[in-house]
Amino acid sequence: MAFKCIKPNHNNLSFNSIFHRCKSMAEFKQAHARLVVKGLYHPPPSLRPVISFSALHPSGDIDYALLLLLRTSVPPTVFPFNTVIRGLARSLRSDSLSNSVLVLARMAEIDLSPNNYTYTFLFQVCAKFFASNLGQQFHAMVIKRCFQVDVCVCNSIIQFYSVCGKLDNARKLFDESTQRDVVSWNSMINGYVRNGEILEALWVFEKMPERNEVSWNSLIGGLVRFGYLDEAHRLFDEMPKRNVVTWVVIISGYSQNGQPREALVLFREMQLLDLKPNCPILVSVLSACAQLGALDNGNWIHSYIRKNSIKMDSILSAALIDMYAKCGNINLAMQVFGSSQEKDISTYTASISGLAYNGYNEESLRLFEQMKSAGITPDHISYLAVLCACSHMGCVEKGFHYFNSMVDVHQIKPELDHYTCMVDLLGRAGLLEEAERFIHTMPIAPDNVIWGALLSACRTHGNVEMGERVGNFLIESDQDHDGRYVLLSNIYAVSSKGDHVEKIQRTMRRRRIKRVPGCSSIEVDGVVHEFVAGDRSHDKTDEIYLVWEEMVREIKKFGYAPETRGVVFDVEEEEKETVVSYHSEKLAISYGFISKEPGSVLRIVKNIRICSDCHSAIKLVSKVFKRKIVVRDRRRFHHFEGGFCSCKDYW
DNA sequence: CTAGGGTTAG
């Protein structure tokens, strides 16, 4: 023993310590380059830390790892080869698949047999790139060589098959496997969930000998994904021990499935249990606030983030910006934008579209230009925001300018959404023929949404001929969509074909199409109050109606005349004025007058678009009662002040 | 000295 110490391997020690001191890829490369340039012999084992760092560290360089592994004589042990395949499995680059095959081939060249780790990483790569055939070949290799797989390899094969949609193969392996643990069961649940077989997933869940949080979370996540939110909530209640992922799944589930109130309720439950929300939860809750237009709640989240010094990443700041913008408070949104540290494309996009639907069209376009100057390449979503701004401005020329630059400068292939935006742009501007021609010359097939945009433009500009044609086509091809019937009958109602309205109503009744009722909400002291037209369910109904009638008397002195033309549905003639008089946004505003502090801004959120009667009434209310009123409808904001609206009556 | 399953916006 003492003998060996006489000649220690100085080289090896010193080179190892050189590399071990390195903290970044650049330092590794510099150190390595110095050795190579000086022609100093560096023993292969010392390269191991370089390979590990290059392959696995977030700031590493997988190509460098591959280079060292394939072109130098690293010691022929399986470890560095496994490390590189592991790194390839982590990377998102499309050549990872072929590179992992290259590594495997090199192993065969130098007679290195893959071990369990090698196979685990290989199946990870195949799962990530949905390399169904290659993975199957690896599986065959495992079988043919009588390789003794351990439970991890077995599970990674199950996982591989299930993400590739080969559920039968996964199930066969699972059934035949002698080593099954909770991960195997969970992978099967996930496989079924991923492939839409929620009943199978449920069956597996019920048969499991033991479950952990992941089992519960996977099933709950599956139920959420397929819209079975009540079932998901039931399991959530039954769950013996929840973790933070459980909360993410259920809260984001509600938030993304159009049930933002439930998301907020669960978030409050978390607060009561003194549980710390993580970033994804905060993002989901902010999105719920954005959907509801619940500014008080959103403000509270913002101060919670500040108080607890939660790290703001770009997603969280985008969510905050989006929340403020969708609550109609563009100033706060832009404040968050201004103070966010790392502005990436999502931060910009949230601000660009926020400005656009709040009526700050020029500012929106300016920010888009600013983003490009900052060296951020616009993507298809930021272009969507810009086109939307042009459409709100009614600026056809600018819209086409951006549409063309999207294709020519940034090589982004327009998707249906972009085409819809262009049809909307042309249609709003009254260029109906051009809009229809545009649809016919699109390189992809138009969907019902695009025709819907055209139909809506026909209604705005009273084009009965085109409206009748498009509308009748739409109520046949998309029979369940209530809005199309409404638009078409509105078009008939103001034309000489008033008698056709009756026909449309009969068709709707026959097909049992229910209209989605118009619904408006207002937040008071953190509670969101909801109203539908003619609603009498609120505690303060009497007062609300009294106040609105009083306000109508006042604005009539300033020239308000109720319009009933838009009301053609489900009501008898004499009811029309009553219904339009108590549209949901009017009730919500009236409640705001009663319950909010005098002079405070009233913020209303409406689920469908505002009608022109409400629009002119609210303009006058804002003038006569000197009150700022912000109405968010399905498409955009209307900021009412002093008798004017930010949309300049173009909406 | 390495490994397998669940969550994240615009």
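By convention in this document, chain letters (A, B, ...) are assigned in the order of the sequence lines, proteins followed by strands, and residues within each chain are numbered from 1.
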A:Phe205 ring centre to A:Arg211 NZ or CZ under 6.0 Å, with the angle to the axis within 45°? yes

Rounded to whole Å, how long is the line connecting atom CD1 of A:Ile250 with atom C1' of B:dG6? 14 Å

For B:dC1 and A:Arg48 - does any side-chain N or O of the residue sit under 4.0 Å from the phosphate oxygens OP1/OP2? no

Between A:Tyr324 (OH) and B:dG10 (P), how many Å, whole number? 16 Å

Let me know which of A:Ile251, A:Val249, A:Val248 forms a side-chain contact (heavy atoms from CB on, under 4.5 Å) with A:Ser284. A:Ile251

Between P of B:dA3 and CG of A:Asn115, the distance in whole Å: 12 Å

Separation of A:Tyr117 atom OH from B:dT2 atom P, in whole Å? 6 Å

What is the distance from CG of A:Asn116 to P of B:dT2, rounded to the nearest Å? 14 Å

Run the ring-ring contact (aromatic ring centres under 6.0 Å, His included) test against A:Trp300 and tell me which residues pass, sequence neighbours left out. A:Tyr304

Which of these nucleotides, B:dT2, B:dA3, B:dG6, is closest to any side-chain atom of A:Val214? B:dG6

Cation over ring face, A:Lys343 and A:Tyr348, 6.0 Å, 45°: no

Nearest whole Å is fine: how far is B:dG6 C1' from A:Ile189 CD1? 10 Å

Please tabulate the protein-to-nucleotide N/O contacts below 3.5 Å involving nucleotides 7-9 of chain B, giving atom names and distances.
residue : atom : partner  : partner atom : Å
B:dA9   : OP1  : A:Gln256 : NE2          : 2.9

Which of these passes ring-ring contact (aromatic ring centres under 6.0 Å, His included) with A:Tyr383: A:Phe403, A:Phe368, A:Tyr419? A:Phe368

When rounded to whole Å, the CG to C1' distance for the pair A:Asp181 and B:dG6 reads 15 Å

Any idea how A:His57 and A:Phe53 line up, ring-wise: parallel (<30°), tilted (30 to 60°), or perpendicular (>60°)? parallel

Heavy-atom pair of closest approach, residues A:Pro414 and A:Val407: CG-CG2, 3.7 Å

Just checking A:His139 against A:Phe160, ring centres under 6.0 Å apart? no

Rounding to a whole Å, what distance do you find between A:Phe121:CZ and B:dA3:C1'? 5 Å

A:Thr349 has a side chain; which of B:dG10, B:dG6, B:dA3 sits nearest to it? B:dG10

Can you give me the closest heavy-atom contact between A:Ala350 and A:Ala318, atom names plus distance? CB-O, 3.7 Å

Quick check on contacts: within residues 201-212 of chain A, what sits under 4.0 Å from DNA chain B by heavy-atom distance? A:Asn212

